[in-house]
**Student:** 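Can you read through this structure? Questions will come right after.
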Amino acid sequence: MKYLDAIYKRSDISWFTPVELFKPWYAHGIAEAIMRTANFSVPLKIYEIGGGSGTCAKGVMDYIKLNAPTRVYDNMTYVSVEISPTLAKKQLETVGEVDSHLAKFSVECRDAADPNEWGHEEQPCWVIMLEVLDNLPHDLIYSKDQVSSWMEVWVQKIRDGQELSELYKPLEDPLIMSCMEILDISKDGSTRGSMAGSFAKNIWAKIFPSPRKCWLPTGSLKLLQVLHGALPKMSLIASDFSYLPDVRIPGERAPLVSSKKDGKSSDLNNYLDAKGEADIFFPTDFWLLERIDHHCSVKLKPRDISSKKGKKRRTLTLDTSSFMEEFGLPTKTRTKDGYNPMLDDFKNTKFYLSVPTHNTK
């Protein structure tokens with residue numbers, strides 16, 4: 001722990017991802033999960049969204065080279081979709097440490113959520129997203145009490161642009177309304193139930209009004225819409241935070257807003273105070289992620305998402321420890337006293353696996 005503490009203090013990075021801390025074993029677990037379910041009758045193609053420094057890409061390709069049939073490695077392609085030119089260059093350097101990888105690896109420096117940047121690919125492929133969802137844009141909706149209509153929250157500049165404040169507007173944004181539909185949130189704030197129950201709730205709201213705030217993963221919805229449109233036969237493997245400790249921001253699925261100075265991190269009480277100087281991490285609601293995934297794959301109605309009707313995806317959510325015990329080599333990260341940081345730490349992270357199925361009934 002002292003060693004890790006020293007690393008964090010020397011670095012401007014607020015935290016290191018598991019794939020960096022546990023290289024190459026973390027990436028090897030991901031590669032094994034892909035190999036167990038991939039269709040090797042066609043060339044293996046992998047996309048990675050937001051590949052960081054290229055550690056995952058190199059680890060996955062290393063594992064496939066050593067463990068898959070030769071023809072699988074020889075014919076595979078690995079495409080990193082990276083919006084940062086600096087990280088794109090770093091990824092090429094990392095993967096290039098193994099000469100034979102470079103002919104199979106490429107970086108496309110673009111926004112993965114821009115549908116105009118994708119073509120249309122009918123062949124099966126894999127998409128990897130590690131710690132991507134927590135950084136995607138979210139929208140905030142607000143209701144002044146338990147029964148009033150929901151409003152969009154906008155941010156406006158006041159006092160000559162020196163301060164920021166919230167502004168509430170009627171619902172209009174299509175992504176917000178789609179998210180609410182998937183969550184089955186009524187736009188007018190009403191809930192299902194008897195008339196007597198609704199009447200009692202209205203009275204209670206007037207006597208004890210309680211404002212409501214709800215953060216919606218509109219960025220995740222937009223990205224999955226684009227991916228399902230461009231890669232209809234994709235298999236998806238994503239890992240992210242399932243919850244975040246000590247969140248001070250109000251609202252359901254609220255983010256952790258943290259800044260770092262002189263090697264020490266401090267959490268903020270208001271997201272408006274960040275002003276581009278802080279990291280913002282959102283927890284991933286994996287139940288909601290699954291609903292969004294199914295919705296984007298077949299445009300299911302909300303009432304059908306919880307059933308098997310018309311589903312084209314088979315999905316599985318696992319704690320990181322369960323995922324690594326199943327697909328990884330946890331003995332490689334176990335210490336002499338039996339402690340295993342890859343299994344025992346990161347308790348607030350999960351893996352989500354989603355593969356296509358031919359079920360259309």
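All values derive from a computational prediction rather than experimental measurement.
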**Student:** Could you work out, with salt bridge (charged side-chain N to carboxylate O under 4.0 Å, His left out) as the rule, every residue matching Glu20, not counting sequence neighbours?
**Tutor:** none

**Student:** With sequence neighbours excluded, give me every salt bridge (charged side-chain N to carboxylate O under 4.0 Å, His left out) pair touching residues 88-109.
**Tutor:** Glu108-Arg110

**Student:** My understanding is that only residues two or more places apart in sequence, or in another chain, count here; which of them pass side chain to side chain donor-acceptor pair (under 3.5 Å) with Trp287?
**Tutor:** none

**Student:** Ignoring hydrogens, what is the shortest heavy-atom contact between Met129 and Leu236? Give both atom names and the distance.
**Tutor:**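 Between these two residues, the closest heavy atoms are CE-CD1, 3.7 Å.
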
**Student:** Can you tell me how far CG of Leu231 sits from CH2 of Trp118, rounded to the nearest 0.5 angstrom?
**Tutor:**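 One gets 5.0 Å once the value is rounded to the nearest 0.5 Å.
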
**Student:** Examine distances only and state if a side-chain atom of Thr284 and a backbone atom of Phe286 form a donor-acceptor pair shorter than 3.5 Å.
**Tutor:**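 Side chain of Thr284 to backbone of Phe286, a donor-acceptor pair under 3.5 Å: no, none is there.
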
**Student:** What's the spacing between Gln123 CD and Asn39 CG if we round to 0.5 Å?
**Tutor:** 8.5 Å

**Student:** Under 30°, 30 to 60°, or over 60°: which ring-plane class applies to Tyr168 and Tyr142, parallel, tilted or perpendicular?
**Tutor:** parallel

**Student:** I need the Gln225 CD to Ser220 OG distance, nearest 0.5 Å.
**Tutor:**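 Rounded to the nearest 0.5 Å, the CD-OG separation comes out at 11.0 Å.
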
**Student:** With a 3.5 Å cut-off and no angle check, do the side chains of His228 and Asp293 form a donor-acceptor pair?
**Tutor:** yes

**Student:** Go through the structure and list residues passing side chain to side chain donor-acceptor pair (under 3.5 Å) with Thr94, not counting sequence neighbours.
**Tutor:**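 If we apply the side chain to side chain donor-acceptor pair (under 3.5 Å) test to Thr94, skipping adjacent residues, there are no hits.
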
**Student:** Which atom pair, heavy atoms only, marks the closest approach of Val95 to Gly54?
**Tutor:** CG2-O, 4.1 Å

**Student:** Which heavy atom of Pro85 sits nearest a heavy atom of Ile83, and at what distance?
**Tutor:**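 That closest heavy-atom pairing would be CD-O, 3.4 Å.
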
**Student:** Are Leu87 and Ile49 in one and the same hydrophobic cluster, where Ile, Leu, Val, Met, Phe, Trp and Tyr link if side-chain heavy atoms are under 4.5 Å apart?
**Tutor:** no

**Student:** Could you point out which residue of Leu44, Ile64, Val72 forms a side-chain contact (heavy atoms from CB on, under 4.5 Å) with Met35?
**Tutor:**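 For Met35, the side-chain contact (heavy atoms from CB on, under 4.5 Å) check succeeds only for Ile64.
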
**Student:** Should the ring pair Phe327 and Phe323 be called parallel, tilted or perpendicular, given that the plane angle runs from 0 to 90° and is split at 30 and 60?
**Tutor:** tilted

**Student:** Could you check whether any side-chain N or O of Arg248 sits under 3.5 Å from a backbone N or O of Leu268, counting only pairs where one atom can act as donor and the other as acceptor?
**Tutor:**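 No, Arg248 side chain to Leu268 backbone: no donor-acceptor pair under 3.5 Å.
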
**Student:** Can you sort out the partners of Asp337 under side chain to side chain contact (heavy atoms under 4.5 Å, CB included), two or more places apart, ordered by chain and number?
**Tutor:**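 Scan of Asp337 (side chain to side chain contact (heavy atoms under 4.5 Å, CB included), adjacent residues dropped) gives Thr335, Tyr339.
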
**Student:** Measure from the side-chain N and O atoms of Thr317 to the backbone N and O of Tyr352, and report whether any donor-acceptor pair falls under 3.5 Å.
**Tutor:** no

**Student:** Within the 4.5 Å heavy-atom criterion, are Val98 and Lys58 side-chain neighbours or not?
**Tutor:** yes

**Student:** Applying ring pair (Phe, Tyr, Trp, His ring centres under 6.0 Å) as the test, list every pair that has at least one member in residues 95-116; sequence neighbours left out.
**Tutor:** Tyr73-His101, Tyr78-Phe105

**Student:** Looking at side-chain heavy atoms only, is the closest gap between Phe282 and Leu133 below 4.5 Å?
**Tutor:** no

**Student:** How about Thr315 and Ser354: does a side-chain donor come under 3.5 Å of a side-chain acceptor?
**Tutor:**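 Result is no, nothing qualifies.
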
**Student:** Evaluate side-chain hydrogen bond (donor to acceptor under 3.5 Å, both in side chains) for Ser297 paired with Arg313, printing each intermediate quantity in order.
**Tutor:** CA-CA 8 Å; Ser297 65; Arg313 313 291 296 177; 5.2 Å; no

**Student:** Are Leu223 and Leu288 joined in one hydrophobic group, where the rule is that I, L, V, M, F, W and Y side chains link up if heavy atoms are under 4.5 Å apart?
**Tutor:**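 Same cluster.
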
**Student:** Glu121: which residues meet the salt bridge (charged side-chain N to carboxylate O under 4.0 Å, His left out) condition with it, sequence neighbours left out?
**Tutor:**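 If we apply the salt bridge (charged side-chain N to carboxylate O under 4.0 Å, His left out) test to Glu121, skipping adjacent residues, the hits are Lys45.
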
**Student:** Which residues pass the salt bridge (charged side-chain N to carboxylate O under 4.0 Å, His left out) test with Arg36, not counting sequence neighbours?
**Tutor:** Glu32, Glu326

**Student:** Applying side chain to side chain donor-acceptor pair (under 3.5 Å), can you list everything that pairs with Glu172, at least two apart in sequence or on another chain?
**Tutor:** none

**Student:** Would a distance-only check, ignoring hydrogens and angles, find a side-chain to backbone donor-acceptor pair under 3.5 Å from Arg71 to Phe40?
**Tutor:**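 Confirmed, Arg71 side chain pairs with Phe40 backbone.
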
**Student:** Is a donor on one side and an acceptor on the other found under 3.5 Å between the side chain of Thr357 and the backbone of Lys312?
**Tutor:**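 No, because the side chain of Thr357 does not come within donor-acceptor range (under 3.5 Å) of the backbone of Lys312.
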
**Student:** Decide side-chain hydrogen bond (donor to acceptor under 3.5 Å, both in side chains) for Lys65 and Ser100; before the verdict, give the C-alpha distance in whole Å, the side-chain angles of both, and the deciding distance to 0.1 Å.
**Tutor:** CA-CA 9 Å; Lys65 181 178 182 179; Ser100 61; 3.0 Å; yes

**Student:** Residues two or more places apart in sequence or in another chain: which of them pass side chain to side chain donor-acceptor pair (under 3.5 Å) with Glu122?
**Tutor:**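 So Glu122 forms a side chain to side chain donor-acceptor pair (under 3.5 Å) with His120.
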
**Student:** For a quick test of reading the model, state the closest non-hydrogen atom pair linking Glu48 to Cys56 and the distance between them.
**Tutor:**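 In this case the closest contact between Glu48 and Cys56 is OE2-CB, 3.5 Å.
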
**Student:** If we ignore hydrogens and angles and just use 3.5 Å, is the side chain of Glu152 paired with the main-chain N or O of Leu140 as donor and acceptor?
**Tutor:**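 Here the side-chain-to-backbone pair does not exist.
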
**Student:** Can you name the closest pair of heavy atoms from Tyr271 and Ile249 and give their distance?
**Tutor:**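 Smallest interatomic distance, heavy atoms only, reads N-CD1, 3.5 Å.
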
**Student:** Got a donor-acceptor contact below 3.5 angstrom from the Arg212 side chain to the Glu252 backbone?
**Tutor:** no

**Student:** Please name the pair of heavy atoms, one in Leu272 and one in Ser165, separated by the smallest distance, quoted to 0.1 Å.
**Tutor:** CD1-CA, 4.0 Å

**Student:** Spell out, as yes or no, whether a donor-acceptor pair under 3.5 Å connects the side chain of Trp215 to the backbone of Pro283.
**Tutor:**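 Flag not set: sc Trp215 to bb Pro283 has no pair under 3.5 Å.
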
**Student:** Test of understanding: with salt bridge (charged side-chain N to carboxylate O under 4.0 Å, His left out), list the residues that count as partners of Lys213, not counting sequence neighbours.
**Tutor:**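 Result, salt bridge (charged side-chain N to carboxylate O under 4.0 Å, His left out) vs Lys213: Glu166.
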
**Student:** Can you pull the side chain to side chain donor-acceptor pair (under 3.5 Å) pairs that have at least one residue in residues 235-245, sequence neighbours excluded?
**Tutor:**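 Listed by first then second residue: Tyr26-Ser239.
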
**Student:** Side chains of Asp319 and Ser322: do they bring a donor and an acceptor to under 3.5 Å?
**Tutor:** no

**Student:** Under a 3.5 Å threshold, yes or no: a donor from one side chain and an acceptor from the other, between Asn340 and Thr333?
**Tutor:** yes

